[in-house]
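Before any comments, here is the structure.
Residue numbers start from 1 in every chain, and the chains themselves are labelled A, B, ... in the order their sequence lines are given, proteins ahead of strands. What you are looking at is a predicted structure, and each value in this text was computed from that prediction instead of being measured.
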Amino acid sequence: MALTLTVNGHTRTLAIEDDTPLLWVIRDELGLKGTKFGCGAGLCGACTVHLDGAPVRSCSTPVSMAAGRSVTTIEGITPAEGLHPLQQAWVDHGVPQCGYCQSGQIMTAAHLLAYNASPGDDEIVAAMSGNLCRCGTYSKIIAAVKSVAAKHQQGEARDDA
Amino acid sequence: MTLSRRDFLRVSAAGSGSLVLALSFSGCSGIQTGYREEDDRWVADAWLEITLDNTIYFTLARVEMGQGTYTGLTTLIAEELDVEPSVIRPKFAPVAPEYRNPLYKLQLTGGSTSLATSWEPLRRAGASARLMLVAAAAEVWQIDPASCRTDNGRVLHPDGRELNYGQLAKLAAAGKAPENPELKPREQWKYIGRERGRLDARAKATGTAQYGIDVELPGMVYAVVTRPPRYGASVAGFDDSAVRAMPGVLDVFAIERGIAVVADKYWRARKAQAQLVVEWNTEEALAVSGDAVMEHYHRAADDDPGEEERREGDFGAGVRSADRVIEASYEQPFLAHATLEPMNATAWYRGGRMEIWAPTQAPDLARIAVARVTDLSPDEVAVNTTFLGGGFGRRLTQDYVEEVAAVAARIRKPVKLIWSREEDTRHDVYRPAMLHRMKATLKDGGVTGWQHQVVGPQILDWYVRNAAPAQYPWAPKFLYDTLGKVGLMAEGIATPKDISAIEGAVDYPYRVDNLDIRHTHTDAGVPISWWRSVGYSHNGFAVETFMDELASELGRDPFQFRRELIRHEPRHLAVLERAAAMADWDSPPAPGRARGIALFRSFGTYVAQVVEAGIEGGDIRVYRVSCAVDCGEVVNPDVVRDQIEGGIIFGLTAALYGEITFENGAVVQSNFHDYPLLRITALPEIRVDIMASSDTPTGVGEPGVPPVIPALGNALFALTGIRQRKLPLVARA
Ligand code: FES
Ligand code: FES
């Protein structure tokens, strides 16, 4: 069963059973370990990646669903030099505790900001509601997302001026 | 700090000529440690290594599971060494006596002890190294060492010349470590106590931090284990014919803890496992259902008043002269740890040795776990620790290491074992369910007596099997089980006495004349372990809820009532008053909301919290938590705030949802739908104030948990007039 998908811009052809969750393909076949396994049931968000730009739970997405489509993981949003603005905000705010949930949190936040560049608190909370953090880093997550949104707004204000 | 007297530093020039400082807490070495593959020999490892190319390595003897040791301990060494903490490269320690936690005599991370036990020794190690580097520079320049200064990894000559630490390492290594280096006065601290980021944040924000589950080895295969659905059951027989026919399956076999299925890929192992047919022998299996555990505790409490743990005055006489006697009992359930990274470990058996990669809180015990289930001795086992995706006490128990070791010993290939979330929830070692029976005597508007009967198991009963042999690694293996029992009595393991059931009860702090605190030791047969804040987690609820009941019985304000009875304890009093002020206690809350307060000391840290809550649409809603903390001197205020806030969320999760139940001996809950964690949508506003202090730092990873549970319960009582004496709390208007 050969299957072709594009991951972080690289097109890969794999021989793998159709029903294998995308998560294990990303982690074990492609060696991208930043995407985490938390529950395997779509309940925690640790495995969040983007499929054609939309966040999905890779633990509950059979790899066949990603065939011919484009997958982006935490490695894919990390620039070659420096950090993605959200990653920078995560570092500046010291968001991670154990850190295990944070790839998923950042991928969810990245999608939020992609369609809503300056979300309000309620919108941030609603968007992030599927991502669990056992360490309780939620308030810093909100602060970090807001800081990126605010920078964006300042940027826009400057563009307008 | 008494530890420093027993510490000593050893200096050596490592092969490359780098300055290596080995710091020992125990002074007893002689056991070879730290396997290095390149030269295939065992070498002593170091705490601090400065290489000729000016790289500074610091060995972290405590694991990083989110509690901030990676940042906190590195900051301590950096301060005295005089380098930016971010320049230092921390690495996780191998198993060696040098890295043992001096309080436990074991290499483990728990009990909120990392900072307290490292506070002096690490700063002294940093100071020693700095003095040696300065001495080396002075020798090069032929000047008085006292005329040299240091700044961020460089020694400065008065005339402006400078040498970096790497350039000086070789010369410094030939020197002698000063016996008792002076430590910087706090006014000169550059890094301790300053807000700064976490050193591991970048790796964790880019997905590059390596957790146990991320370990990758050449030719690695995957294992899953089918375990008995009921604790204590064993394999009577199994049919693996369908399993073996599945793609990628390499082997299926029984191990002590169940049936292992090994395949070339994880998902193939999982799919194949589903085909396994096992017949269980359930003769000795756990059989509890529903309320059976609590019923068992109540019977035990009736039959046995328990061992006296603290007695002051005469409670019985107080009862006879009391105006009123108030009684209540509190029931608290089993709780799972639910670390977000499920249990997992990787092992490789080759050349008569086993190497383990594991997210473990106790690498020491991991070696023993391997030795127990293989023909290896602990000396033949090396343990590599990774980042931990949460610990909370769960990873002190090495059951997952036992499993992977048993598999690796047979498979003889690198093998990674991963538990599913369902397995993680159902095969946890739980926070014990506990029953508390409380009685108080009231007279003339005050409290004259307090009786607390704690009813439930002790954790060490379940733990000694692995811990005792780790203290006696030279003992022959056949003695392990015996040592598990005898070793405990001979030397004591975590403490001379297991206080896991009574901590937070025996140290009842309020001024009451007659105290009678006892423990009825009874065990329902459910495996248990330490869980973030351990005994304090349930005693906090019992003590601080009953205090609230007494305030209400006496018609007193719950804050003023506590305040009066704690006047003699200044640190308690200060946090209590601060939390009340933060919450604006004296002003009425918004309509539909109410406040509850609780005060609790655990792990040497004083915490008071006020919770503001209401009921919305049939659900409990927590709006705000105001928290004051006194944890002594603060190394990193940001980490303290994070840990306390994390503890509050952990406690709220338990108070609102936490409950593991059994049906015919099997755990009912399985994943986050029926064992929920607090989501961001339920996040209250949390404010944490840290009291200024120059006392020795105390732990912050756990003390945030206990008070929030009674504070929320007390708020709901204030809201509804209904007292809830059973957890988790429910929305009742
Ligand atoms: S692992 Fe996919 S949602 Fe939890
Ligand atoms: S940081 Fe540990 S689970 Fe989120």
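- A donor-acceptor contact shorter than 3.5 Å links the side chain of A/Arg134 to the backbone of B/His337.
- By the 4.5 Å heavy-atom criterion applied to side chains, A/Cys98 and B/Leu388 are not counted as neighbours.
- Using a 4.5 Å cut-off on side-chain heavy atoms (C-beta onward), B/Trp267 and A/Asp19 make contact.
- Looking at B/Ala209, the atoms closer than 4.5 Å to chain A (heavy atoms on both sides) all sit in the backbone: N, CA, C or O.
- For A/Gln105, no part sits under 4.5 Å from any heavy atom of chain B, backbone or side chain.
- For chain A, no part of B/Ile686 is nearby; none of its heavy atoms comes within less than 4.5 Å.
- Separating the CD atom in B/Glu645 from the SG atom in A/Cys135 is a distance of 12.0 Å, to the nearest 0.5 Å.
- Contact record, B/Gly207 with A/Ser103: CA-OG, 3.7 Å, taken as the closest heavy-atom pair.
- If you measure heavy-atom distances from A/Ile106 to chain B, the contacts under 4.5 Å come from the side chain alone.
- In this structure, no portion of A/Asp92 lies under 4.5 Å from any heavy atom of chain B.
- Using modelled atom types, one side-chain atom of B/Arg679 and one backbone atom of A/Ser129 make a donor-acceptor pair closer than 3.5 Å.
- For chain A, the nearby parts of B/Ile680 are the backbone and the side chain; heavy atoms of each come within less than 4.5 Å.
- Contacts with chain B (heavy atom to heavy atom, under 4.5 Å) involve these residues of residues 78-85 of chain A, listed by number: A/Thr78, A/Gly82, A/Leu83.
- The backbone N or O of B/Thr681 lies less than 3.5 Å from no partner atom in the side chain of A/Tyr138, so there is not a single donor-acceptor pair.
- If you measure heavy-atom distances from B/Pro247 to chain A, the contacts under 4.5 Å come from the side chain alone.
- For the pair A/Phe37 and B/Trp419, the tightest heavy-atom approach, listed with the atom from each and the gap, is CE2-O, 3.5 Å.
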Worksheet item: Does the salt bridge (charged side-chain N to carboxylate O under 4.0 Å, His left out) test come out yes or no for B/Lys265 and A/Asp28, once each step is laid out?
Response: CA-CA 8 Å; B/Lys265 296 179 196 299; A/Asp28 296 341; over 6 Å; no
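- Looking only at distances, a side-chain donor or acceptor of B/Arg421 sits under 3.5 Å from a matching main-chain atom of A/Gly38.
- Under the 30°/60° scheme for interplanar angles, the aromatic rings of A/Tyr100 and B/Tyr211 are found to stand perpendicular.
- A donor-acceptor contact shorter than 3.5 Å links the side chain of A/Arg27 to the backbone of B/Ile213.
- B/Thr71 does not touch chain A: none of its heavy atoms, backbone or side chain, sits under 4.5 Å away.
- In this structure, chain B has no heavy atom under 4.5 Å from any part of A/Leu86.
- The shortest side-chain heavy-atom distance between A/Leu132 and B/Leu678 does not fall under the 4.5 Å cut-off.
- Only the side chain of B/Arg268 comes within less than 4.5 Å of a heavy atom of chain A; its backbone N, CA, C and O stay farther away.
- Residue B/Thr208 does not touch chain A at all, counting heavy-atom pairs closer than 4.5 Å.
- Salt bridge B/Glu216/A/Lys33: present, at least one basic N to carboxylate O contact under 4.0 Å.
- Side-chain atoms of B/Asn671 come within 3.5 Å of backbone N or O of A/Cys39 as a donor-acceptor pair.
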Practice prompt. Decide side chain to side chain contact (heavy atoms under 4.5 Å, CB included) for A/Cys133 and B/Leu340; before the verdict, give the C-alpha distance in whole Å, the side-chain angles of both, and the deciding distance to 0.1 Å.
Written response: CA-CA 7 Å; A/Cys133 175; B/Leu340 205 58; 6.0 Å; no
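- If you tally non-hydrogen atom pairs under 4.5 Å between each of B/Phe392, B/Phe650, B/Phe387 and chain A, the highest count goes to B/Phe650.
- Of all the listed residues (A/Lys140, A/Met128, A/Gln88), the one sharing the greatest number of non-hydrogen pairs under 4.5 Å with chain B is A/Lys140.
- Separation of atoms CG (A/Leu23) and OH (B/Tyr266) is listed at 9.0 Å; rounding is to 0.5 Å.
- Per-residue heavy-atom pair counts under 4.5 Å with chain B were compared for A/Ala126, A/Pro21, A/Cys44, and the maximum is reached by A/Pro21.
- For the options A/Gly136, A/Gly94, A/Pro96, heavy-atom pairs under 4.5 Å to chain B are most numerous at A/Pro96.
- When each of B/Arg198, B/Lys204, B/Gln643 is tested with A/Gln97 by the rule side chain to side chain donor-acceptor pair (under 3.5 Å), just one qualifies, namely B/Gln643.
- No donor-acceptor pair closer than 3.5 Å links the side chain of A/Gln102 to the backbone N or O of B/Ala205.
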